[in-house]
Every structure is written in structure tokens, then in C-alpha cells.
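Take a look at the structure below.
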Amino acid sequence: MAFSVSCDGSSHDVETGATGFDLFASKTVVAMRVNGELKDLAHPILAGDTITSVEMSSQDGLSILRHSTAHVLAQAVQSINPEAKLGIGPPIKDGFYYDFDVAEAFTPEDLKSLEKAMERIIRSGQRFVRRVTNEADAAKELAAEPYKLELISLKGSDLGEGSAEVGAGELTIYDNVDPQSGDVVWFDLCRGPHLPNTRMIGNGFALMRTAAAYWRGSEKNKQLQRVYGTAWPSKDELRAHQHQLEEAAKRDHRRLGAELDLFSFPEEIGSGLAVFHPKGGIIRRTMEDYSRKRHEESGYEFVYSPHITKGGLFETSGHLQWFSEGMFPPIRIDEEVDENGVIRKQGQDYYLKPMNCPFHNLIFKSQARSYRDLPLRLFEFGTVYRYEKSGVLHGLTRARGFAQDDAHLYVTLQDMEKELTDVLDFILGLLRDYGLDDFYLELSTKEDGNPKFVGDPEIWKLATETLERVANASGLELVPDPGGAAFYGPKISVQARDAIGRTWQMSTVQLDFNLPERFDLEYTAADGSKQRPVMIHRALFGSIERFFGVLTEHYAGIFPPWLAPVQVVGIPVADEFNDYLGRVIDRLRAVGVRAHLDISDDRFPKKIRTHTKDKVPFMLIAGGEDRDANAVSFRYRDGSQDNSVAIEDAVEKILSAIRDKVQV
RNA sequence: GCCGACUUGGCGCAAUUGGUAGCGCACCGCUCUUGUAAAGCGGGGGUUGUGGGUUCGAGUCCCAUAGUCGGCUCCA
């Protein structure tokens with residue numbers, strides 16, 4: 001008996017018992033959506049179903065490919081080491097991983113032999129066959145897999161949406177069936193769907209690296225060995241992905257920082273503590289100078305505070321209670337102990353500051369404040385120290401000592417929303433000046449029931465709603481981040497996409513009703529009553545170091561002229577033109593351009609090479625032809641040229657590029 | 001902090017099974033040098049992250065420690 005179904009938008013007649021295989025002849029269709037749900041092609045089709053094909057190259061298709069590849073990896077691991085216990089193996093961005101409980105960590109050689117074993121499995125064309133089971137039967141079959149048993153027992157509880165093993169519906173197992181013998185050669189608890197067979201994985205996969213990972217993501221659990229892999233519909237796409245990774249590695253700020261002589265992390269100083277070299281110093285100072293100028297224009301007042309303080313200050317703020325493990329341990333001073341070890345004089349504990357806000361609060365409190373003083377905007381490039389765990393340090397983007405471009409705004413409740421709107425506007429404008437222009441916002445809110453968050457729930461609600469209104473008014477995309485708030489209040493963070501599409505958390509704006517309370521901050525209102533101000537914490541760069549790192553990667557070290565450590569290098573074609581070109585360079589230096597003349601013994605092409613590698617934005621060249629025309633020639637970093645430009649025009653061209661902060 | 005890998009002159013790398021450290025770039029000197037990514041010659045520089053140990057002998061093996069890298073966890 002035939003009936004009709006809707007397939008990819010048109011009507012099809014199929015026989016009873018038909019499956020996706022009868023609908024899709026194309027080898028690139030790997031699965032299908034039946035009435036919106038992802039299904040294997042082997043899923044039987046019923047009358048009235050609405051079906052759409054899932055191509056291998058689609059998002060869904062890639063996930064299925066990667067998940068199936070993960071299964072093949074797990075089978076390969078167990079074929080080599082039958083003792084390996086299975087964790088989970090989901091698809092992720094660009095690939096997949098699978099966790100194993102094994103006695104010995106995987107070595108690079110292991111990965112090679114695993115790839116070989118995977119190739120054999122893939123070539124053998126095993127079919128993925130779905131089988132519905134129940135908890136009791138599955139528990140019997142998987143008796144040797146303790147982690148799978150745990151998943152079964154957790155079914156439907158706190159596994160979350162992303163789980164690839166068990167879903168809300170039926171419990172299913174996927175058998176890998178050998179096409180020749182029809183035997184089940186391997187199986188795994190899995191909700192699917194999968195490719196029809198392993199052969200469709202093809203040769204566009206690779207194992208990338210191994211790492212340890214806590215079972216179910218908790219530090220309290222055992223660490224399993226994770227193997228990361230990547231999988232693509234074709235070898236060419238795999239190659240393209242690998243090439244992309246190499247390109248990203250080339251713009252790694254840690255590498256560029258050494259290559260371009262910008263900064264370093266001397267081992268003698270300590271982990272996560274950077275020094276900036278002269279060239280990095282120029283970039284950093286230029287960034288800071290411009291930021292300072294813009295802040296001045298926008299009504300911020302500049303303050304300074306010390307790097308250390310007595311512990312009491314952080315008890316008042318609450319940091320010592322909630323985040324002491326993130327702070328460097330105290331320096332105990334002035335304690336006197338007698339010969340018997342008895343304390344004669346009580347000492348004092350001093351701490352390196354992990355934040356600037358308590359200091360600014362003390363400045364607020366240094367005098368009686370009036371509503372006329374508000375909004376009071378206190379700004380500081382404040383250097384803070386945080387005891388980040390050794391394993392999380394990462395160049396400039398995650399350091400133990402860094403400077404925040406930190407400001408605290410004290411406003412009345414009535415002005416709060418307007419001030420927040422202005423701040424967000426100010427931030428986005430400034431980030432654009434630094435060359436970032438693709439943003440979205442994240443709203444970090446408290447998590448109900450988590451004791452980490454302090455303060456009155458009503459106030460949290462007011463703060464969160466206000467931030468949400470301001471964020472929405474910006475017109476930018478707003479992504480929720482539940483549980484991501486600071487302990488004292490919710491925040492908006494600005495996420496920026498860089499030149500190769502990676503996103504970075506940049507600025508944060510936090511609303512705080514808690515610290516004004518703890519510090520007993522108040523001002524006199526127009527009616528003479530004492531009122532509590534609202535506090536807004538905000539940082540644009542987050543940390544100067546981190547922003548420096550992000551910009552380095554965004555520009556791949558090819559900084560726009562206004563930030564470039566060396567803006568112009570004069571390269572004479574021969575010594576004879578040193579004086580002529582030197583006069584042009586002197587003229588640029590006289591108007592503040594960072595320019596110098598290369599009169600080294602190197603030959604002309606060598607100099608071009610040297611300064612191209614140094615990523616100098618303007619190379620000015622002069623030889624006989626230029627001198628005769630009273631001109632110079634430009635060479636840019638990409639190799640393009642602009643010959644015989646009149647000196648006047650050349651100077652103006654350079655000055656305007658710097659002034660307008662454009663890229664060249 | 002946890003798991004794994006790595007650590008050789010400023011940088012990038014090399015040194016068969018343990019036998020007394022090499023190369024390129026950079027640096028210094030000399031010679032030569034007119035047109036768009038590396039002129040030639042010569043020279044200095046490391047005891048192999050640090051501290052122990054095994055051995056007749058260790059860059060190569062073992063232990064500890066520091067740092068780096070990849071992940072996990074974390075990120076006020």
C-alpha cells in the first residue's frame with residue numbers, strides 16, 4: 001500500500017515500510033528530520049510525515065558525522081585496549097571527543113595507531129543500527145561500563161540538553177554491525193542519530209590531541225583521558241581546517257609578542273607576570289593615552305590607589321570572605337614575638353589588591369557628598385594581583401598581575417539608567433576606535449539558591465531589569481548568561497568578534513547595590529535626607545594586558561599606524577641618498593611621527609625584508625628618481641607600492657593615517 | 001590545583017643504543033654595496049631551566065622543583 005509524505009517541500013508517494021533510504025538516493029544525505037526530529041535514514045516513514053533531508057555538510061550533518069566518528073574512535077580504543085572504560089563522546093565545534101578511563105594516558109604514538117585502527121573500521125563499512133532497550137536490559141549489557149551505568153541511572157535528571165548518550169525519550173543502543181557476517185562487533189549507549197555506516201566517514205578525520213578531563217565536568221570526580229578529534233566531509237575540508245588552525249597559531253599574541261619584541265614573561269619574576277619591552281611599551285602607552293583623553297572628555301576624574309592594603313578593607317568589601325582563594329596570601333608585618341614564641345605585639349596582614357573598588361569607595365567617603373556631586377566618576381589604571389591557578393595562565397589574556405582601566409560611578413537611583421546607557425554608548429564608541437566593531441552583549445544574572453550571591457533579591461531584580469532594558473536599547477544582540485553575575489550584582493559584558501571571527505569578552509558594566517551598603521556610602525539629597533548611591537563598576541579593556549593581547553591577535557601584529565611602535569622607516573636605495581631621505585624622516589619626527597632612517601650596512605632588499613617582517617606600516621624609499629622629483633616612494637606591508645609621491649603629500653598621507661586611526 | 005607533554009647560546013632547531021654540545025637567524029668586525037623579502041668573509045656567545053641521584057662517563061636514565069604548552073576545573 002502506498003501513501004504520501006512531504007519530503008523537502010514536495011509530496012512523495014512511498015510504500016508501506018519505506019525508510020529514508022527509499023526517499024534519498026544522494027550519498028550526501030546522512031540523516032533526516034521527521035516532523036522536526038532528527039532520525040536515522042533507517043527510521044520507518046509513516047503516512048503524513050513531513051521530512052527534510054540532512055546533508056552531510058549541514059550543521060546537523062556535521063554533528064552526526066563527528067558523533068559517528070567518535071563512536072569509531074571508542075571502538076578502536078577498546079579493540080586495542082579492552083580494559084578501557086567508556087565515558088562520553090559528543091560532537092563539538094569542528095570535531096568531537098571521547099573520554100576513556102584507562103590506566104595509562106594516551107601517547108602520540110597511541111593516537112597514530114588509533115587512527116590506523118579507525119581507518120580499518122571505517123573501510124569495513126559497519127552499519128550503525130539503532131536498538132530500543134530499557135534500563136534493566138541496558139544495565140545488564142553495559143555491566144562492564146560503570147560510567148554508562150551512571151548515565152542510565154541519571155537518565156532524565158540533571159544531564160542537560162546536550163547529552164549524546166541518553167535523552168528524555170527511549171533508551172537506545174547503537175550496534176555496529178559487520179556487513180559481511182551480520183555480527184554485532186561493538187555497541188554503545190547512544191541516543192543517535194548516526195550515519196548509515198562507517199564508510200561514510202571517509203578520510204576527512206584526524207585525532208588532534210589528548211588531555212585529561214574530569215568525569216561529568218566536576219573537579220571532585222575522577223579524571224578520564226580525553227581524545228580530541230576533528231572530522232569533515234572530505235580530506236580537502238580537513239586540510240582547510242588544519243590550515244586555518246595554523247593561521248590562528250600565527251597570530252597568537254604570545255608568539256607575536258616575542259617575534260615583535262613587545263613583551264615577555266621572565267621566569268625570574270614569576271608565572272603570569274609580564275614585562276613590556278620598549279616597542280610593546282609604545283603600543284600600551286598609546287592605548288592608555290587615548291583612553292585617558294576620552295575619559296577626561298567624558299567627565300571622569302582620575303585617582304590613584306596603592307597596590308596593598310590592610311586586610312580589613314577587603315573584609316568590609318567581602319572579598320576576603322568570598323574570594324580569598326583568588327588572592328595572594330597576606331604579608332604579615334609589625335608582629336613581635338618574644339623568646340618563648342608568644343606574640344608580644346599583634347601584627348597586621350596586608351594584601352595585594354585584587355580589585356580597586358574598595359579604594360574608590362574610601363575616596364567617595366573622604367568627604368560629605370551631595371546629590372550635586374553625582375554622578376561621581378572615579379577612574380584609575382589600577383594594577384591588581386590575583387592568584388590565578390597555575391593551570392589557567394595564558395599569556396597576557398590570563399595573568400596574575402594586570403592593570404584594569406577601572407572606573408566606579410556613583411549615581412542616584414534616578415540617574416542610574418541614564419548613566420548606564422551613556423556608559424555602554426561610551427564603551428562601544430571607544431572599542432570601535434581601537435578597531436573592534438562587531439559586538440554582542442551578554443547579560444550575566446544570579447542563580448537562584450546559590451549562596452555565592454549576596455544581597456536582597458528585590459534589589460537584584462531591579463538591577464537585572466534595569467541592565468536588561470539598557471542592553472536592549474543598545475540594539476545589539478543580547479545573550480543571557482545565567483549564574484554569571486558578580487557576587488554583588490548583575491553585569492552586562494560586551495563580547496567582540498575579532499578579525500578571524502573569534503569572540504572575546506571585553507568590557508563589563510556591573511551594577512552594585514551591595515558595596516555602597518557595606519561601605520555605608522551616602523549623599524545628601526535635595527530634601528536634606530541621607531540617601532545611598534548606586535555604584536556602577538565598569539572596565540573597557542577589562543585588563544590593559546588582556547586587551548593588548550586581543551588587539552595583537554585581532555591585527556595579527558599588523559597594527560594600524562597610530563598604534564605601531566615604529567610608524568615609518570626610511571630606506572635609501574644607496575648611501576648616496578641618506579641625507580636626502582634623512583631630511584624627510586627628520587621632518588616627520590619633528591611633527592611627532594615615530595620614524596627612523598635605516599643607514600645600516602645591509603643591502604637594500606635586506607632592509608625591505610627586515611622592516612616588512614617587523615610589520616612597519618610605512619616604508620619610505622628614496623633613490624635617484626625620487627630625489628630628482630623631490631619625492632619619496634611608499635612600500636606597504638603587503639608589498640604594494642606607491643611610487644614618486646611628492647614630499648608634502650607623503651607627509652600629509654602619513655599624518656592623516658595616524659590621526660584618523662585607519663589601517664594601511 | 002589536576003592529567004599529559006615539553007624545557008639545549010637572544011630566537012628557531014640538531015646531537016645513533018648514555019661516550020666529553022652543532023646549525024640557521026640575530027649580534028660584533030671587515031670588505032662590498034643604485035631600486036623593492038636574505039651580499040661575502042671572519043668572530044664572540046651555551047656545560048644543555050634548577051637541585052639531587054644512578055654511572056668509569058648524562059643533554060640523553062631516575063627523583064624533586066620551577067617554567068612553558070595542550071586540556072579539565074576556575075575566572076570577583
Side-chain angles (χ1 to χ4, degrees), chain A residues 97 99 102 104-108 110 208-228 249 252 254-255 258-259 261 264-273 314 317-327 354-357 384 386-395 397-400 404 444 452-454 484-489 491 505 508 510 512 514-515 537 542-543 546 571-577 600-614 619 621-627 633-637 639-641 643-644:
Chain A
Y97 66 80
D99 290 342
V102 284
E104 299 286 321
F106 296 103
T107 64
D110 290 338
M208 307 296 280
R209 65 172 66 94
T210 59
Y214 297 105
W215 168 240
R216 296 183 60 221
S218 169
E219 225 173 342
K220 296 186 180 63
N221 291 340
K222 178 161 187 179
Q223 277 195 337
L224 307 181
Q225 292 300 318
R226 176 170 296 179
V227 178
Y228 283 94
D252 189 315
R254 295 168 300 183
R255 173 174 172 163
E259 279 175 9
D261 194 18
S264 60
F265 287 89
E267 202 177 317
E268 295 85 339
I269 299 177
S271 212
L273 300 166
F314 288 116
S317 69
H319 290 104
L320 265 177
Q321 292 89 310
W322 279 287
F323 292 104
S324 57
E325 81 287 354
M327 293 169 65
M355 304 213 89
N356 302 300
C357 23
V384 297
R386 297 180 184 181
Y387 190 73
E388 302 285 3
K389 291 187 203 170
S390 58
V392 308
L393 298 170
H394 185 90
T397 59
R398 194 79 183 272
R400 282 184 171 161
Q404 294 183 307
S444 300
K452 167 184 149 185
F453 303 103
V454 300
F487 73 89
Y488 47 74
K491 71 179 181 200
Q505 178 177 318
T508 58
Q510 305 177 2
D512 184 358
N514 188 258
L515 281 185
H537 306 242
S543 109
R546 183 180 146 82
I571 307 176
V573 167
D575 285 350
E576 184 193 340
F577 308 100
S600 69
D601 277 351
D602 287 330
R603 280 170 157 69
F604 182 69
K606 177 63 182 298
K607 291 183 181 181
I608 299 275
R609 177 181 156 88
T610 301
H611 300 109
T612 304
K613 285 178 73 168
D614 258 3
M619 280 169 275
I621 291 161
E625 293 161 32
D626 298 290
R627 186 172 58 186
S633 294
F634 282 83
R635 182 185 162 101
Y636 298 97
R637 292 172 285 200
S640 65
Q641 295 167 53
N643 290 334
S644 286

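Letters A, B, ... mirror the listed sequences (proteins, then strands); counts begin at 1. Hydrogens, waters and symmetry mates play no part in the numbers below; they use all other heavy atoms, side chains included.
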Taking only N/O atoms, report every protein-nucleotides 40-42 of chain B pair under 3.5 Å with atom names and distance.
none

With 3.5 Å as the limit, what N/O pairs link the protein to nucleotides 29-33 of chain B?
from	atom 1	to	atom 2	distance (Å)
B:C32	O2	A:Arg603	NH1	2.8
B:C32	O2	A:Arg603	NH2	2.6
B:U33	O4	A:Asp575	OD2	3.4

Please produce a list of atom pairs where a protein N or O lies less than 3.5 Å from an N or O of nucleotides 2-12 of chain B.
from	atom 1	to	atom 2	distance (Å)
B:C2	O2'	A:Gln223	OE1	2.7
B:C2	O2'	A:Gln223	NE2	3.2
B:C2	O2	A:Gln223	NE2	2.7
B:C3	O4'	A:Gln223	OE1	2.5
B:C3	O2'	A:Gln225	NE2	3.0

Below 3.5 Å is the cut-off: list the nitrogen or oxygen pairs between protein and nucleotides 50-52 of chain B, distance only.
none

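Out of B:U36, B:U68, B:C75, the shortest distance to the side chain of A:Arg398 is found at B:C75. Closest contact between the side chain of A:Ile621 and the listed nucleotides B:U73, B:G35, B:A76 involves B:G35.
Among residues two or more places apart in sequence or in another chain, the side chain to side chain donor-acceptor pair (under 3.5 Å) test is passed with A:Thr610 by none.
In the displayed structure, A:Glu104 atom CD is contacted under 6.0 Å by at most 12 heavy atoms of other residues, nucleotides or ligands.
One interatomic measurement links the two molecules: OH of A:Tyr97 to C1' of B:C72, which rounds to 10 Å at whole-angstrom precision. Look at NZ on A:Lys606: it is 19 Å from C1' on B:U34, rounded to the nearest Å.
Remark: A:His394 is in phosphate contact with B:G70, judged by side-chain N or O atoms under 4.0 Å from OP1 or OP2. Considering only side-chain N and O atoms, A:Tyr387 lies under 4.0 angstrom from the phosphate OP1 or OP2 of B:G1.
Every stem involving RNA chain B, taken as at least 3 paired positions in a row under the Watson-Crick or G-U wobble test at 3.5 Å, is listed here: B:1-7 with B:66-72, B:10-13 with B:22-25, B:27-31 with B:39-43, B:49-53 with B:61-65.
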